[in-house]
Amino acid sequence: MRVSISPVHRGDLVATETDLPDGSAGRRLGTEAAGVVTVVGPSVPALRVGDRVAVFPAPGAWSEHITVPAEAAAAVPDSLSDETASVLLVNTITSRNVLRAVNELRAAAAAPSDSPLLVSGAASALGKLIVQQARDRGWPVVAVVRSDRSASTVRTNWPDVPVVVSGSGGWQRELEGGRSAGGRCRSSPMRTAVPSCGRSCPLSTMAGRWSSGAI
């Protein structure tokens with residue numbers, strides 16, 4: 001495919017700063033892109049030359065032309081710009097993979113069905129996808145954000161989701177909510193929405209010291 005646009009992620013920048021292993025022939029930068037199909041393999045029935053596509057994962061997406069497996073490509077409708085299409089896949093696929101892994105952890109731990117999922121960075125693009133998809137699964141969610149502005153974003157989208165602002169003092173106590181002997185929230189405003197906050201599963205969508213400590 002001919003690459004029309006490829007976004008720059010923090011992970012891409014980290015890759016440029018990482019030393020190459022001895023004997024390496026080089027590094028292919030970029031992970032996702034939007035562009036136009038220029039050649040189609042004989043076993044690919046769904047795409048044609050000239051189709052607009054978004055691709056992920058696509059190592060080397062910063063190149064002018066790349067070759068990707070057909071399963072990594074999604075057709076882009078005319079209503080979407082290349083700029084929008086180029087960033088749609090990574091968070092969608094990541095959120096589904098993350099929740100699949102969380103589901104396996106919950107099953108392995110025999111977690112009660114009402115065990116809440118703590119999502120940090122809940123107002124981010126990835127965080128919002130995870131919150132919605134978790135709710136689609138019927139899981140209680142507690143959103144953790146850094147600012148009142150982010151909290152407002154979450155409350156606008158999901159008025160019934162408890163929100164904790166980690167940029168304010170006492171947020172750790174708010175998360176714990178005053179656990180009783182039964183592991184239930186005793187005095188927290190999250191009590192009615194999250195009946196068993198003592199057995200929550202933390203999920204951070206943004207790396208940081210506080211989230212590592214909380215986990």
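All heavy atoms count here, side chains included; hydrogens, waters and symmetry mates do not. Starting from 1, each residue takes its place in the sequence as its number.
A chain of hydrophobic side-chain contacts below 4.5 Å, direct or via other Ile, Leu, Val, Met, Phe, Trp or Tyr residues, connects L47 to V3. Taking hydrophobic clusters as Ile, Leu, Val, Met, Phe, Trp and Tyr residues chained together by side-chain heavy-atom distances below 4.5 Å, L88 does not share a cluster with I93. Linking Ile, Leu, Val, Met, Phe, Trp and Tyr residues whenever their side-chain heavy atoms come within less than 4.5 Å leaves V55 and L89 in two separate clusters. I5 and L80 fall into different hydrophobic clusters, where Ile, Leu, Val, Met, Phe, Trp and Tyr residues are linked whenever their side-chain heavy atoms come under 4.5 Å apart, directly or through other members. Placement of V87 and V53 in two distinct hydrophobic clusters is found when ILVMFWY residues are connected by side-chain heavy-atom separations under 4.5 Å, directly or transitively.
Between T31 atom OG1 and W62 atom CH2 the span is 9.0 Å, to the nearest 0.5 Å. Summarising the geometry, atom OG belonging to S120 is positioned 9.0 Å from atom CD1 belonging to I130; distances are rounded to the nearest 0.5 Å. The distance from atom OG of S4 to atom CD of E83, rounded to the nearest 0.5 Å, is 9.0 Å. The CG atom of L126 sits 5.0 Å away from the CG atom of N91 when rounded to the nearest 0.5 Å.
Side-chain atoms of S166 come within 3.5 Å of backbone atoms of V145 as a donor-acceptor pair (strictly under, hydrogens ignored). Checked by atom type and distance alone, the side chain of T156 pairs as donor or acceptor with a backbone atom of S152 at under 3.5 Å.
Counted within 6.0 Å of CZ on R137, heavy atoms from surrounding residues, nucleotides or ligands total more than 12; the atom is thus considered enclosed.
Among residues at least two apart or in separate chains, side chain to side chain donor-acceptor pair (under 3.5 Å) pairs with a member in residues 36-56 are R52-D82.
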*Should N97 and R100 be marked as a side chain to side chain donor-acceptor pair (under 3.5 Å) after you check the CA-CA gap, both sets of side-chain angles, and the distance that decides it?*
CA-CA 5 Å; N97 287 342; R100 186 179 298 114; 2.8 Å; yes
Contacts under 3.5 angstrom, residues 65-79 side chains, donor-acceptor by atom type, not counting sequence neighbours:
none

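The nearest pair of heavy atoms linking L129 to T92 is CD1-N, 3.8 Å. Taking both residues in full, the closest heavy atoms of T94 and V90 are given as OG1-O, 2.6 Å, listed atom of the first, atom of the second, then distance. Smallest separation of non-hydrogen atoms from S86 and P7: O-CG, 3.8 Å. What you find for A61 and E32 is that their closest heavy atoms are CB-O, 3.4 Å.
Using a 4.5 Å heavy-atom cutoff, the side chains of W139 and V102 are in contact. Two residues are said to be in side-chain contact when any heavy atoms from C-beta on lie closer than 4.5 Å; L117 and L99 meet this criterion.
Only one option out of V131, V154, V163, L118 pairs with V141 in a side chain to side chain contact (heavy atoms under 4.5 Å, CB included); it is V131.
The side-chain contact (heavy atoms from CB on, under 4.5 Å) search around V14 returns R10, T18, not counting sequence neighbours.
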